[in-house]
There are 2 protein chains.
Amino acid sequence: MIKKMKKISKNSPLPLYYQLKELLFELIKEGRLKTGDRLPAARKLAEYQDVSRMTVKKAVDELVNNGYLVRKQGSGTFVAELNKEYEISPIASFSEEMKKKGLSFKTELIKFDIINDKNAAEKLNIEAEDRIYHLQRLRIIDDLPFLLENTYLPIKDFPSLEKENLQESSLFKIMKERYGCILSRAEAEIEPVIINKDTAEKMGIKKQVLGLYLEQFTYSSDNKILEYTSAYYRNDSYKFKLKFKLNNLEEV
Amino acid sequence: MIKKMKKISKNSPLPLYYQLKELLFELIKEGRLKTGDRLPAARKLAEYQDVSRMTVKKAVDELVNNGYLVRKQGSGTFVAELNKEYEISPIASFSEEMKKKGLSFKTELIKFDIINDKNAAEKLNIEAEDRIYHLQRLRIIDDLPFLLENTYLPIKDFPSLEKENLQESSLFKIMKERYGCILSRAEAEIEPVIINKDTAEKMGIKKQVLGLYLEQFTYSSDNKILEYTSAYYRNDSYKFKLKFKLNNLEEV
DNA sequence: TAGGATAAGTGGTATATACCAATTATACAT
DNA sequence: ATGTATAATTGGTATATACCACTTATCCTA
């Protein structure tokens with residue numbers, strides 16, 4: 001069994017399979033379970049945690065679905081490659097990829113304002129007079145900025161958000177942990193653009209360059225827009241990559 | 001119960017939950033189950049199909065995961081909106097979106113050659129001397145081409161593929177049904193480009209335009225490259241859209 | 001020693017059952 | 001007619017059990 005593995009709690013309001021999933025995920029994230037490592041057999045893990053094998057299966061199922069684990073019938077369940085197989089969120093895949101290469105990834109908060117903007121309000125599907133947070137952030141890999149993004153959040157959904165919070169933690173993390181948001185899905189539109197001088201300068205680019213412009217909406221599980229982001233990705237030093245799972249039902 | 005619903009076969013080598021999933025998916029695809037329709041209750045469906053409720057649950061689970069169905073505890077399980085919530089494959093989302101708007105979607109096969117190309121072989125991760133199918137296809141919506149793509153397939157994996165097959169059915173469908181491929185995942189890189197005159201002309205564009213260039217690799221479940229496609233997307237009349245699910249485990 | 005049969009271990013599917021949580025329908029009292 | 005309590009229905013979680021399919025380890029035989 002995994003050394004000093006925590007036990008899940010039977011008294012928790014959270015489902016057992018969910019607790020187990022989180023527990024295993026933490027072990028992977030913390031590196032106590034490394035790429036290629038074999039998980040304890042489902043039967044053993046079930047015995048150790050004092051739950052049924054089916055409960056273990058359900059926990060593992062979800063991690064397999066999310067690409068963190070790989071099953072091999074007759075052989076075992078193994079930790080998948082660190083660069084997750086199904087990673088679509090563009091920034092996530094950038095940061096993963098860079099971390100893999102041992103490069104540093106950081107975010108610089110350029111602006112944090114409270115605004116009142118008709119266009120942004122429309123995008124967020126709220127009243128024109130509603131106040132909105134406007135964040136401008138620069139994403140940097142190894143001192144080289146690769147995207148400049150403007151994020152808009154309705155104040156009413158995220159009361160008393162402070163600049164400091166954002167410097168300590170990631171926005172998504174704050175949304176989830178502090179405001180209890182359930183981030184469910186996102187939609188993005190991608191366009192080729194010639195990055196204007198002003199934007200380019202903020203990224204430290206001198207001449208006009210070709211780049212990608214991306215608009216993204218993040219939705220909660222009840223289909224409300226939680227966040228709207230538009231971003232300019234430079235293309236001269238980075239590549240925009242998507243990894244996705246093919247659902248065996250669709251045609252095309 | 002759904003009118004004249006087929007019964008699944010207990011003698012089939014396919015798992016019961018899998019048969020049921022396919023059956024339900026067919027009903028949705030054929031429109032016999034429409035957006036918003038309620039599925040029979042799991043207990044009823046289990047009784048009708050003579051399987052356990054857990055088996056029904058597993059079948060429905062997968063369709064929920066793929067965004068075709070939506071569950072509401074205490075209320076029922078419903079058919080989700082036609083435009084699937086989690087659709088990443090760019091072409092799939094194009095065609096779905098267009099069908100929704102009542103526009104026609106067709107594919108024109110411009111080239112079907114057998115070639116011997118070092119670059120393509122390298123991309124496909126096969127020997128330089130291996131022969132390769134080269135397909136050039138134009139995707140058209142309502143008589144307006146929106147992308148030109150070059151697809152490369154190793155001959156050894158798809159013996160005796162004919163031009164005629166491709167005109168009748170989609171490539172993915174052929175790969176799956178005729179060659180028994182399990183399409184597992186794909187990776188794509190997106191770049192902004194100025195579409196050259198030759199390419200633009202094939203799409204019926206007169207002047208030079210900004211567009212997107214996409215390279216995509218499709219992998220089988222055992223991680224082999226099944227297909228390599230590069231495509232030019234025009235951006236003057238269409239928008240490149242991605243829809244994806246947010247996995248509640250990741251940060252960013 | 002090599003090969004093949006066997007056993008053990010792993011994940012995969014399937015069932016029957018039990019109880020919980022949320023929603024909806026019903027019956028009843030006012 | 002309205003509101004409220006209750007029952008019925010639906011999906012959610014969890015268990016114990018059984019057997020299958022595939023892989024790996026072991027043992028025995030030639």
Side-chain angles (χ1 to χ4, degrees), chain A residues 1-2 7-24 33 36-65 67-80 182 184 221-222 248, chain B residues 1-2 7-24 33 36-65 67-80 182 184 221-222 248:
Chain A
M1 189 55 51
I2 300 158
K7 296 273 175 84
I8 61 174
S9 158
K10 296 254 178 180
N11 303 318
S12 164
L14 296 169
L16 302 177
Y17 82 90
Y18 185 86
Q19 291 181 58
L20 187 52
K21 180 181 81 172
E22 295 272 301
L23 205 168
L24 290 170
L33 282 172
D37 282 2
R38 208 185 86 177
L39 244 64
R43 286 169 178 86
K44 300 275 173 60
L45 197 48
E47 191 191 4
Y48 179 81
Q49 291 285 357
D50 190 28
V51 295
S52 77
R53 186 181 151 214
M54 294 306 284
T55 299
V56 171
K57 191 178 184 317
K58 177 147 191 187
V60 173
D61 270 347
E62 303 214 350
L63 291 169
V64 169
N65 263 324
Y68 294 103
L69 297 175
V70 176
R71 280 212 185 90
K72 284 181 190 149
Q73 189 174 153
S75 174
T77 301
F78 305 84
V79 178
I182 300 173
S184 148
S221 56
D222 55 348
N248 60 0
Chain B
M1 191 52 53
I2 299 158
K7 297 273 176 81
I8 61 174
S9 159
K10 296 254 179 180
N11 303 318
S12 163
L14 296 168
L16 302 178
Y17 83 88
Y18 185 87
Q19 291 181 58
L20 187 51
K21 179 182 83 172
E22 295 271 303
L23 205 168
L24 289 170
L33 283 171
D37 283 2
R38 209 186 84 178
L39 244 65
R43 287 168 176 87
K44 298 277 174 60
L45 198 48
E47 190 192 4
Y48 179 81
Q49 291 285 356
D50 192 28
V51 295
S52 78
R53 186 181 149 211
M54 295 305 285
T55 300
V56 171
K57 191 178 184 318
K58 176 146 192 189
V60 173
D61 270 347
E62 303 215 348
L63 291 168
V64 169
N65 264 323
Y68 293 104
L69 297 175
V70 176
R71 280 211 184 90
K72 285 179 190 150
Q73 189 174 152
S75 175
T77 302
F78 304 84
V79 178
I182 299 173
S184 149
S221 55
D222 54 348
N248 59 0

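Every value quoted in this text rests on a predicted model; they were computed, and no experiment measured them.
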**Message:** Applying a 4.0 Å non-hydrogen cut-off, can you work out what K58(A) is touching in the nucleic acid: base, sugar-phosphate, or nothing?
**Reply:** sugar-phosphate
Anything under 3.5 Å between a protein N or O and an N or O of nucleotides 22-24 of chain D, put it in a table, one pair a line.
none

Closest to the 5' end of DNA chain D, once R43(A) and V51(A) are matched to their nearest nucleotides, is V51(A)
Separation of dG12(D) atom P from N65(B) atom CG, nearest Å, is 12 Å
Which part of the nucleic acid, if any, lies within reach of V60(A) when heavy atoms closer than 4.0 Å are counted: base, sugar-phosphate only, or nothing? nothing
Please output the side-chain donor-acceptor pairs of residues 38-46 of chain A that fall under 3.5 Å, not counting sequence neighbours, one pair per line with the distance.
from   : atom 1 : to     : atom 2 : distance (Å)
R38(A) : NH1    : S75(A) : O      : 3.4

Overall bend of the helix from dT1(C)-dA30(D) to dT30(C)-dA1(D) (five pairs an end, 10° steps) is 10°
When rounded to the nearest 0.5 Å, the distance separating CG of L24(B) from OG1 of T77(B) is 10.0 Å
Quiz item: Hey, does the side-chain of R71(B) have a donor or acceptor N/O within less than 3.5 Å of a partner on the base of dG12(D)?
Solution: no
note: L39(B), atom CG; dT9(D), atom P; distance rounded to Å ~ 18 Å
Taken in chain and number order and not counting sequence neighbours, the residues that satisfy side chain to side chain contact (heavy atoms under 4.5 Å, CB included) with V64(A) are V60(A), L69(A), R71(A)
On DNA chain D, more 5' by nearest nucleotide between P15(A) and R38(B) is R38(B)
So the salt bridge (Lys or Arg N to Asp or Glu O under 4.0 Å) pairs with at least one residue in residues 45-59 of chain A (sequence neighbours excluded) are K57(A)-D61(A)
The residue among I8(A), L16(A), L14(A) that forms side chain to side chain contact (heavy atoms under 4.5 Å, CB included) with S12(A) is L14(A)
Span of DNA chain C engaged by chain B, first through last nucleotide within the 4.0 Å heavy-atom cut-off, is dT13(C) to dT24(C)
Discussion item. Is there a side chain to side chain contact (heavy atoms under 4.5 Å, CB included) between Q49(A) and L20(A)? Walk through the geometry before answering.
Written reply: CA-CA 9 Å; Q49(A) 291 285 357; L20(A) 187 52; 4.2 Å; yes
query = Under 4.0 Å between a side-chain N or O of R53(B) and OP1 or OP2 of dT10(D)?
reply = no
